[in-house]
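Input: a single structure, listed below in structure tokens.
All of these numbers come straight from a predicted model, not from anything done at the bench. What's counted below: heavy atoms across the whole structure, side chains too, no hydrogens, waters or symmetry copies.
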Amino acid sequence: MYRIIRAQALAPTVTRFEIEAPFIARKRKPGNFVMIRIDDHGERIPLTLADSDPAAGTITIIVQAIGKTTKQLCAKKSGESILDVVGPLGTPTPIEDHGKVVCVGGGVGTAELYPITRALKEAGNTVYSIVGARSRELVILEHEMQAISDTLFITTDDGSYGRKGFVTDQLKELLDTVPGIGAVFAIGPLPMMRAVANLTRPYAVHTLVSLNTVMVDGTGMCGGCRVTVNGTMKFACVDGPEFDGHTVDFDELMMRNRTYVAQERISEELHVCRLTGETREAHR
Amino acid sequence: MSTINPLKPSERMKIPRQEPLEQDAAARSVNFLEVSFGFDMDRTVTEAQRCLDCKTPYCVDGCPVGIDIPGFIKLVIDKDYVGAVRKIREANYLPAICGRVCPQETQCEELCVMGKKLTPVAIGKMERFVADYEMREKLFTPPVIRDHREEKVAVVGSGPAGLTCAAELAQKGYKVTVFEALHAVGGVLRYGIPEFRLPKEILDIETERIKALGVEILTNFVVGRTATIDEFFDEWGFSAIFLATGAGTPTFMGIPGESLSGVYSANEFLTRVNLMGAYRFPDYDTPIRIGRQVAVIGGGNTAMDAVRTAKRLGAEEAYLIYRRSRAEMPARQEEIHHAEQEGIKLLLLTNPTRIIADDQNWVAGIECQKMELGEPDESGRRRPVAVKGSEFVLPVQTIVEAIGQKPNPIIQSTTPGLSTSKRGTVVTDDGQKTSRPGIFAGGDLARGGATVILAMRDGKNAAAAIHTYLTDRRSSTTDHA
Ligand SMILES: Cc1cc2nc3c(=O)[nH]c(=O)nc-3n(C[C@H](O)[C@H](O)[C@H](O)COP(=O)(O)OP(=O)(O)OC[C@H]3O[C@@H](n4cnc5c(N)ncnc54)[C@H](O)[C@@H]3O)c2cc1C
Ligand code: SF4
Ligand code: FES
């Protein structure tokens with residue numbers, strides 16, 4: 001059992017958890033993730049490590065309630081526990097001094113971007129960050145990102161905060177006006193990362209994206225997380241999750257990620273029914 | 001104690017080999033309950049009377065861990081079932097598991113003298129009965145551990161190799177910690193072999209018995225990531241390490257269409273079902289999607305387990321596609337036989353060439369070509385060659401590839417100085433020693449895909465080698481003092 005030391009709401013559907021996991025806390029690097037399973041009937045899902053405190057023996061994850069498991073997790077309070085947490089998994093982000101970098105986070109992807117941005121800053125980069133969200137209340141980690149960025153831009157789809165539009169609008173402006181951008185790090189929904197990669201390709205700026213795939217074990221034993229990168233099969237959980245965005249077959253990945261939509265709906269409905277005490281029939 | 005078979009050899013030879021009790025084929029092909037009930041007590045005793053108690057028991061030569069087979073059979077004749085299972089346990093710590101999954105027909109039973117002219121003694125089914133009897137009657141008593149030693153040993157991986165090594169070392173008095181990457185113990189016994197062949201309850205009981213020896217098991221611990229081998233030596237205070245991480249990385253055929261939804265590796269398919277309980281979705285959260293027609297590619301135990309699982313998950317047609325002929329199939333005969341009874345269709349001498357998609361990027365079919373057997377290849381088996389113009393398309397919506405696994409590289413790539421082969425296995429000598437002092441390896445990690453009993457043999461050998469290594473080290477440090 002892994003105890004939740006602190007649960008804190010960051011946005012209406014986004015919660016930050018500090019969880020007791022001393023071994024993982026000691027070894028975490030930017031770009032690493034954990035697999036968690038809430039209870040005995042639960043699924044194993046990957047969650048990126050946003051931070052860790054080796055002295056306190058805790059790790060930080062930031063979770064958006066979107067599916068059954070994440071909703072169940074986000075309903076947990078300080079003092080409650082999670083059955084399984086394993087990690088740190090995946091290949092850490094290569095951190096170098098590129099001179100100037102742009103870090104682009106979309107939605108809860110900003111949480112995954114945060115530790116990478118911080119490491120890039122510490123490595124001496126001039127950091128431009130772009131945080132995008134659908135609307136104002138979904139903008140997360142603004143102050144944290146502000147503190148580790150030389151310049152922070154916010155975009156919202158509806159214009160309720162920052163610049164109205166997509167992260168790519170802001171990114172294009174930077175690419176056109178700031179000379180010498182050495183690399184772009186983009187983490188967010190797949191369509192966003194694909195758009196970023198398509199945008200930077202003609203500029204030939206190295207672009208790293210972090211792929212969220214279907215995963216079962218997270219250690220390289222199932223192949224469920226396979227993606228086509230540069231024409232060859234890679235396992236996102238061990239070879240990634242970060243890859244050169246210009247070589248990823250996004251279309252294929254987006255289709256693969258739809259494999260279980262029907263089942264996910266059943267799972268979620270059932271979960272809601274259990275919470276509200278309604279029966280499945282009544283729900284129909 | 002009388003240990004003499006009252007029957008004359010000629011009388012023993014007249015007794016027919018006993019048939020195991022099994023769940024009806026139609027009923028079982030839609031449930032996950034155990035297929036074989038094995039022998040009841042009467043059958044076990046009758047079967048035991050068939051044994052000729054040979055002066056030179058060839059059966060023992062066929063047993064990778066050298067169980068005293070005629071010895072335990074004599075105890076069965078005496079109806080001392082607990083004595084019999086204790087006799088087995090002297091050589092094999094997991095008899096209830098081996099009695100179910102060992103390929104006896106190519107080991108002890110293949111060499112049994114009775115098999116030369118008649119049918120071999122059903123050694124495996126008797127092993128299973130006495131082990132189950134002891135479990136059912138709760139007559140197990142843990143061995144008494146007399147020595148206590150200071151050294152700590154780490155065992156990495158909780159499959160049959162790791163569990164056996166841990167049990168052996170604990171009985172020698174070492175402090176043993178087993179590290180397991182997954183959330184549950186057992187390796188392939190947990191995530192690979194289905195409930196209908198090996199009920200997980202048996203694995204749970206065996207695991208508890210190993211813990212009762214004082215072995216500590218840490219799950220959710222990926223060695224190489226959560227801590228490295230060198231940290232185990234330098235910071236955790238382990239004096240020796242046994243690597244038994246198996247061969248868990250799936251390989252894919254490399255044919256077009258493998259990224260489509262509906263294509264699984266056997267590992268993913270079986271892990272979803274066995275480890276994660278997807279066959280009880282939505283009661284369990286992990287989903288699996290099964291088409292009306294399912295094709296499993298491969299001819300080994302893994303392929304058999306996958307195709308029989310697919311049938312149980314509701315596939316109307318479950319095909320097994322194998323490019324050689326039946327005689328070359330590496331799967332256990334009993335499993336092939338069971339599969340056919342359950343209505344699995346074997347497409348032999350058939351090789352997949354391409355996976356066909358529907359407009360939603362789901363699998364719609366698999367294109368195959370017919371093969372014929374040509375000249376023998378390096379493995380001594382006749383090489384299958386394609387028959388020109390024999391392509392055909394089989395409509396299927398789910399495909400499971402069970403064409404082999406290789407070792408997971410996480411530890412090898414984070415442990416400097418550990419020699420590996422081209423196939424990715426860790427290189428060891430006969431005593432399970434690797435290229436690094438204090439590090440031993442065995443099971444599928446050293447062999448590539450093999451068997452449960454060979455993994456257990458490696459675990460035993462490694463325990464003996466670790467004991468020698470640590471004893472030598474102890475005496476050399478006192479010599480210098
Ligand atoms: C579906 C299937 C059916 C089979 N059926 C049979 C059969 O009927 N009879 C038979 O004799 N054999 C059978 N086999 C083969 C047999 O199961 C294996 O040969 C045997 O399990 C190997 O044992 P092992 O201990 O070496 O490894 P495994 O059983 O593979 O166990 C290795 C363990 O190590 C863990 N691990 C891996 N990496 C790490 C790490 N870095 N840190 C910590 N832990 C790690 C894994 O999670 C796993 O639990 C079958 C295999 C499969 C896949
Ligand atoms: S070879 Fe067969 S008959 Fe002889 S001792 Fe072994 S089991 Fe009995
Ligand atoms: S999640 Fe199973 S191999 Fe990557």
Legend entry - Heavy atoms from other residues, nucleotides or ligands near CZ of B/R292 exceed 12 (cutoff 6.0 Å): no

Legend entry - Side chain / backbone / both / neither for B/F221 at chain A, heavy atoms under 4.5 Å: both

Legend entry - Proximal component of B/L270, with respect to chain A [non-hydrogen, under 4.5 Å]: neither

Inset, instruction - Would you check if A/F235 and B/T249 make a side-chain contact, meaning some heavy-atom pair closer than 4.5 Å? - result: yes

Legend entry - Atom of B/T226, atom of A/P88 and distance for their closest heavy-atom approach: CA-CD, 4.1 Å

Inset, instruction - Determine, stepwise, if the pair B/R225 / A/V238 fulfils side chain to side chain contact (heavy atoms under 4.5 Å, CB included). - result: CA-CA 11 Å; B/R225 293 267 194 263; A/V238 284; 4.3 Å; yes

Legend entry - Approximate separation, where rounding is to 0.5 Å, of B/R272 CZ and A/E43 CD: 7.5 Å

Legend entry - Heavy-atom closest contact (B/L218 atom, A/F23 atom, distance): CD1-CE1, 4.5 Å

Legend entry - Which portion of B/T271 sits near chain A, non-hydrogen atoms under 4.5 angstrom: side chain

Legend entry - Non-hydrogen atoms of B/E258 and A/R226 that approach each other most closely: O-NH2, 2.6 Å

Legend entry - Proximal component of A/L89, with respect to chain B [non-hydrogen, under 4.5 Å]: both

Inset, instruction - Before accepting this row, confirm whether a basic side-chain N of the pair A/K27/B/E231 lies closer than 4.0 Å to the acidic partner's carboxylate O. - result: yes

Legend entry - Residue pairs passing the salt bridge (charged side-chain N to carboxylate O under 4.0 Å, His left out) test where at least one lies in residues 250-262 of chain A, sequence neighbours excluded: A/R194-A/D251

Legend entry - Minimal non-hydrogen separation, B/S259 against A/T228, with atom names: OG-OG1, 3.7 Å

Inset, instruction - Answer yes or no: are there more than 12 heavy-atom neighbours, outside A/K29 itself, under 6.0 Å from its atom NZ? - result: no

Inset, instruction - Given side chain to side chain contact (heavy atoms under 4.5 Å, CB included), test A/D217 with B/L182 step by step and report yes or no. - result: CA-CA 7 Å; A/D217 57 296; B/L182 293 171; 4.3 Å; yes

Inset, instruction - Specify which of B/T219, B/V263, B/L260 makes the most heavy-atom pairs with chain A at under 4.5 Å. - result: B/V263

Legend entry - Close side-chain approach of A/H41 and B/R280, heavy atoms under 4.5 Å: no

Legend entry - Under 3.5 Å donor-acceptor, B/N267 side chain and A/M221 backbone: yes

Inset, instruction - State the CD1-CG distance between A/I36 and B/N220, to the nearest 0.5 angstrom. - result: 11.0 Å

Legend entry - Contact origin within A/R26 toward chain B - heavy atom pairs under 4.5 Å: side chain

Inset, instruction - Answer with side chain, backbone, both or neither: which region of B/I410 has an atom nearer than 4.5 Å to a non-hydrogen atom of chain A? - result: side chain

Inset, instruction - Count the heavy-atom pairs under 4.5 Å between each of A/A21, A/G90, A/G218 and chain B, then report the option with the highest count. - result: A/G90

Legend entry - Atom CD of B/E201: over 12 foreign heavy atoms under 6.0 Å: no

Legend entry - Structural part of A/V85 lying under 4.5 Å from a heavy atom of chain B: backbone

Inset, instruction - Side chain from CB out, backbone as N, CA, C, O: work out which of these in A/M35 comes under 4.5 Å of a heavy atom of chain B, or both, or neither. - result: neither

Inset, instruction - Check step by step if side chain to side chain contact (heavy atoms under 4.5 Å, CB included) holds for B/H183 and A/V86. - result: CA-CA 8 Å; B/H183 58 254; A/V86 60; over 6 Å; no

Inset, instruction - For B/P250 and A/G220, work out which heavy atoms get closest and say how close. - result: CD-O, 3.8 Å

Legend entry - Under 4.5 Å from any heavy atom of chain B - which part of A/T219: both

